[in-house]
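The sequence lines fix the lettering, A, B, ..., with proteins before strands; numbering per chain opens at 1.
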Protein chains: 2
Amino acid sequence: MGTTQLDTVPEPKYWHLKTVLSEALDSEFAVGEILPNERELAARFGVARATLRQALEQLELEGRLQRRRGVGTTVAPPRVGVAVGDAEQAWPGTAADSWQAVDCLEAAPPAAVARLLGTPAGRPVHTVRRIRRTHGQPVAAELLYVPGHSVPGLAAIDTASGAARARTVLRELQRLALEGQDRAVELGSARAEDAKQLDRLPGAPVLLVTTRYFAEGATAAVAVATYRADTCRLTFGETGVQLLAAG
Amino acid sequence: MGTTQLDTVPEPKYWHLKTVLSEALDSEFAVGEILPNERELAARFGVARATLRQALEQLELEGRLQRRRGVGTTVAPPRVGVAVGDAEQAWPGTAADSWQAVDCLEAAPPAAVARLLGTPAGRPVHTVRRIRRTHGQPVAAELLYVPGHSVPGLAAIDTASGAARARTVLRELQRLALEGQDRAVELGSARAEDAKQLDRLPGAPVLLVTTRYFAEGATAAVAVATYRADTCRLTFGETGVQLLAAG
DNA sequence: GAGTGGTCTAGACCACGTA
DNA sequence: ACGTGGTCTAGACCACTCC
């Protein structure tokens, strides 16, 4: 093979910066510590502020840094593992989980969700909003879409509103026999509304977890949960942990 | 005057741009179609190129666009779902899966991996590299870390190298009884080496899937798979699909 | 009000793919 | 050789938090 790889591939400045900063974070900074501000860091490294920011953005994406407007840039704690897997092989809201119902409204779901539900596009469904917190911090915002036919008993008790109504929908849903579920994870950016609930700016990177709940041979509900990608590590199938603990 | 909060909260330009572009993509462009170049788009919308790029970056993050240096910006196809879940509740490389062994070397794993393996930091382990392809496109690059004690029979057949050696390690691993596994998904940015294999630039957003394999009451191996976040949707637990198909 | 990160501009040059 | 996206600069102003 002739291709000598020896060409000096000029590494971009921001990439090199990121490496240097990353090593400095490991050795010279403690979790929660405040870094010098962007203007000073840029000056110290002899680059434009925009270039420095490119490096900081990557480190934030990797969960190493946390930046807050008006406050500063701090060293982020390790990501928290949040269980998303079969541990909750049950309807949402069943046990005393870490979710908190916020409210419930009737609205037409996004086209992609309507397709999963098998309902006609534009048809309104019960839409339950929930928030998930860990150690007091919000980690996820969820929209749970429940077609009317999944909660037939609901019409009679239609008076409640807000969180109470959300809980009623969840309770009615649990009357169905759950036959299975289905999950997908992908990268997204936070919608303005979710961003506010997650204490982030709009467009922040998030992990979108789409769950389909099956009952009576059809899709009974679809949940789209928006997890903060900077602070969360989604964990699945905790079986092994118990094995280790037992051994 | 009671400061009514009705003040038009000035939406960032790039955010508005993103919305406009997103709608245009839905209605006026077909998958694979080439958009006008960045300089022309910026001029057309009356913004600086950097601002336009901010919008494009977000759309790329969401999997709506694909940008390639020297080529242009095209409308991305919908993300492909890649199964990561229990469907492969088995040792890696067991069946004729979509993975392809590349090579195998002896190297000290990252500290985080050494911790999961329970091996001393700095101790070299067998490191198998694999690539996963879907429809011909590379979607993931993986490093599988296998401590020597998990493949005791390997020393005798140490002669092979490259892909052959990688396959040997995988084969030896399958002699152990798999007792369970453990997965976590988080956001990361592609290391230079992975980026090359995935046909992306370094730093591109990726989904890191860390899998622990348990055998004989301990962690027998750890895999860190790097999935392209722009083109992939990770799917877990396909049980429901079969239910639907049967119903 | 002072200081922080977030947005935006109008340029320049570079690396890459293709013709 | 050309056109593309990628990197980089040196400024400016804005939105937010905290004092």
Under 4.0 Å between a side-chain N/O of [X] and OP1 or OP2 of [N], yes or no?
X	N	answer
Thr73(A)	dT4(C)	no
Thr51(A)	dT9(D)	yes
Arg67(B)	dG6(D)	yes
Arg68(A)	dT4(C)	no

May I ask you to decide whether [X] forms a salt bridge with [Y], counting only side-chain N to carboxylate O separations under 4.0 Å?
X	Y	value
Asp230(A)	Arg200(A)	yes
Arg64(A)	Glu60(A)	no
Arg165(B)	Glu106(B)	yes

Roughly how many Å is it from [atom1] in [X] to [atom2] in [N], rounded to a whole number?
X	N	atom1	atom2	result
Leu56(A)	dC8(D)	CG	P	14 Å
Glu60(A)	dG5(C)	CD	P	11 Å
Tyr14(B)	dC14(D)	OH	C1'	13 Å
Lys13(B)	dA12(D)	NZ	C1'	13 Å
Arg53(B)	dG5(D)	CZ	P	9 Å
Arg49(B)	dG6(D)	CZ	C1'	7 Å
Trp15(A)	dT7(D)	CH2	P	10 Å
Leu52(B)	dT4(D)	CG	P	13 Å

For DNA chain D, determine which residues of residues 34-48 of chain A have any heavy atom closer than 4.0 angstrom to one of its atoms, and list them numerically.
-> Arg39(A), Val47(A), Ala48(A)
Per nearest nucleotide of DNA chain C, the residue lying toward the 5' end, Val71(A) or Ala50(A), is Val71(A)
Is Asp199(A) atom CG crowded by more than 12 heavy atoms from other residues, nucleotides or ligands, each under 6.0 Å away?
-> no
Over 12 non-hydrogen atoms of neighbours within 6.0 angstrom of CZ in Arg68(A) | no
Determine the contact category for Leu201(A): base if any of its heavy atoms lies under 4.0 Å from a base atom, sugar-phosphate if only primed atoms, P, OP1 or OP2 are that close, otherwise nothing.
-> sugar-phosphate
Between Trp15(B) and Ala190(A), which heavy-atom pair has the shortest distance, and what is it?
-> CH2-O, 3.5 Å
Has the side chain of Glu33(A) got a donor or acceptor atom that lies under 3.5 Å from a matching backbone atom of Ala30(A)?
-> yes
